[in-house]
Amino acid sequence: MSETIKLAAEPRERAGKGAARSARRSGFVPGVIYGDGKEPVLINVERIMFNRLLRDPHFQTHLYDVEVGGASHHVMARDVQLDPVMDVPIHVDFMRVTDRTEVTLEVPVRFDNEHASPGLKRGGVLNIVRHEIEANVPANAIPDFIEVDLAGTDLGDSIHISAVTLPKNVKPTITDRDFTIAT
């Protein structure tokens, strides 16, 4: 499970295009915190800090404690809008999460024990069909990755979701078939 990252933000008084443009000119990324039956909170996040977080491959699977005006909001990033020309963030949406919140997200797949695979030792190639698995996960127990053990796999073998031990409370969204992860 990933750790919670602290993030400082400033409250934003106004909504709309003009206020967002003003925030961007001042070196901030405008955003909003919503969910859990509470009022939305308009925020500005420092652009340099946010760009550092955005480069993390697990950006949308980490939990954040956003500090805004003395209050702390336990959130996860749900959407980031990027400028189509410059490819810089122009807005971010954070969703409040609680112990009972369940989210659907892509969990990365990690392949271990390649050295223990007879098929790979004999010159076989690992063909990864799914780099990520879409799953329903409790927000407080998001795994960093799903581990697939390659020990004992031989040429021509396929690894299906039924052969993978999923972390507790992680349920794949595809339930109607035994889909392939790698061959």
Side-chain angles (χ1 to χ4, degrees), residues 1-110 128-147 166-174 181:
M1 190 171 95
S2 60
E3 73 280 352
T4 301
I5 299 170
K6 294 199 181 298
L7 179 64
E10 294 180 1
R12 189 165 42 117
E13 287 79 32
R14 300 181 336 211
K17 191 186 302 185
R21 285 182 178 166
S22 174
R24 286 185 209 107
R25 279 192 300 269
S26 300
F28 293 97
V29 177
V32 64
I33 298 173
Y34 63 88
D36 197 28
K38 297 177 184 171
E39 283 295 312
V41 177
L42 301 173
I43 61 170
N44 286 328
V45 181
E46 185 184 343
R47 182 184 312 131
I48 294 170
M49 175 59 76
F50 185 73
N51 284 338
R52 199 172 303 140
L53 292 173
L54 189 58
R55 283 193 297 267
D56 183 354
H58 302 288
F59 172 71
Q60 290 193 313
T61 60
H62 278 301
L63 294 177
Y64 300 92
D65 280 331
V66 179
E67 305 276 336
V68 183
S72 181
H73 302 273
H74 196 60
V75 301
M76 69 182 300
R78 293 308 282 172
D79 191 29
V80 177
Q81 291 88 37
L82 300 174
D83 183 276
V85 176
M86 297 190 311
D87 201 36
V88 296
I90 58 174
H91 193 272
V92 61
D93 292 351
F94 290 106
M95 180 180 77
R96 286 185 192 97
V97 294
T98 63
D99 291 340
R100 64 186 187 284
T101 305
E102 189 170 289
V103 295
T104 301
L105 49 80
E106 301 275 334
V107 181
V109 178
R110 185 174 85 182
I128 301 172
V129 178
R130 294 185 183 265
H131 291 275
E132 297 172 328
I133 296 173
E134 187 175 273
N136 294 321
V137 183
N140 61 353
I142 298 172
D144 287 330
F145 54 85
I146 294 175
E147 187 174 347
L166 295 172
K168 185 179 177 188
N169 296 325
V170 174
K171 298 175 232 79
T173 57
I174 301 173
I181 298 173

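Every value quoted in this text rests on a predicted model; they were computed, and no experiment measured them. Positions are given from 1 along the sequence.
The aromatic rings of Y64 and F59 sit tilted, their planes meeting at an angle between 30° and 60°.
Here CG of L7 is found 7.5 Å from CE of M49. Values are rounded to the nearest 0.5 Å. Atom CD in E10 sits 11.5 Å away from atom CZ in R12 (nearest 0.5 Å). Note: L105 CG to R78 CZ = 6.5 Å, rounded to the nearest 0.5 Å. Rounding to the nearest 0.5 Å gives a distance of 10.5 Å between CG of N140 and CD of E102. Here CZ of R130 is found 8.0 Å from CD1 of I181. Values are rounded to the nearest 0.5 Å. The distance from atom CG of N169 to atom NZ of K171, rounded to the nearest 0.5 Å, is 6.0 Å.
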After noting the C-alpha distance and the side-chain angles of E132 and T61, does the key distance pass the side chain to side chain contact (heavy atoms under 4.5 Å, CB included) rule? CA-CA 12 Å; E132 297 172 328; T61 60; over 6 Å; no

I would like to know whether R96 and V75 meet side chain to side chain contact (heavy atoms under 4.5 Å, CB included); could you show each step before the answer? CA-CA 4 Å; R96 286 185 192 97; V75 301; 4.2 Å; yes

With side chain to side chain contact (heavy atoms under 4.5 Å, CB included) as the criterion, how do I142 and M76 come out once you've worked through the C-alpha distance, each side chain's angles and the decisive distance to 0.1 Å? CA-CA 11 Å; I142 298 172; M76 69 182 300; 3.7 Å; yes

Given the rule in the side chain to side chain contact (heavy atoms under 4.5 Å, CB included) test, do I43 and H73 qualify, once you have shown the distances and angles that lead to the verdict? CA-CA 12 Å; I43 61 170; H73 302 273; over 6 Å; no

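Among residues two or more places apart in sequence or in another chain, the side chain to side chain donor-acceptor pair (under 3.5 Å) test is passed with D93 by H91. Applying the side chain to side chain donor-acceptor pair (under 3.5 Å) test to N136 and every residue at least two apart in sequence or in another chain returns T104. Residues meeting the side chain to side chain donor-acceptor pair (under 3.5 Å) test with N51, sequence neighbours left out: none. With sequence neighbours excluded, no residue forms a salt bridge (Lys or Arg N to Asp or Glu O under 4.0 Å) with E106. Taking the salt bridge (Lys or Arg N to Asp or Glu O under 4.0 Å) definition, one finds that R110 meets it with D112, sequence neighbours left out.
The minimum heavy-atom distance between S72 and D65, with the atom names listed, is OG-CB, 3.9 Å. Among all heavy-atom pairs drawn from P89 and F50, the shortest one is CB-CE2, 3.7 Å.
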Quick one: side chains of residues 18-38, donor-acceptor pairs under 3.5 Å with protein atoms, not counting sequence neighbours, listed by atom name and distance.
residue, atom, partner, partner atom, Å
R24, NE, I90, O, 3.0
R24, NH2, I90, O, 3.0
S26, OG, S22, O, 3.1
D36, OD1, R100, NH2, 3.2

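Contact annotation: the side chain of V103 approaches that of M95 to within less than 4.5 Å [non-hydrogen atoms, C-beta and beyond]. Side-chain atoms of H74 and L63, non-hydrogen and from C-beta on, do get closer than 4.5 Å to each other.
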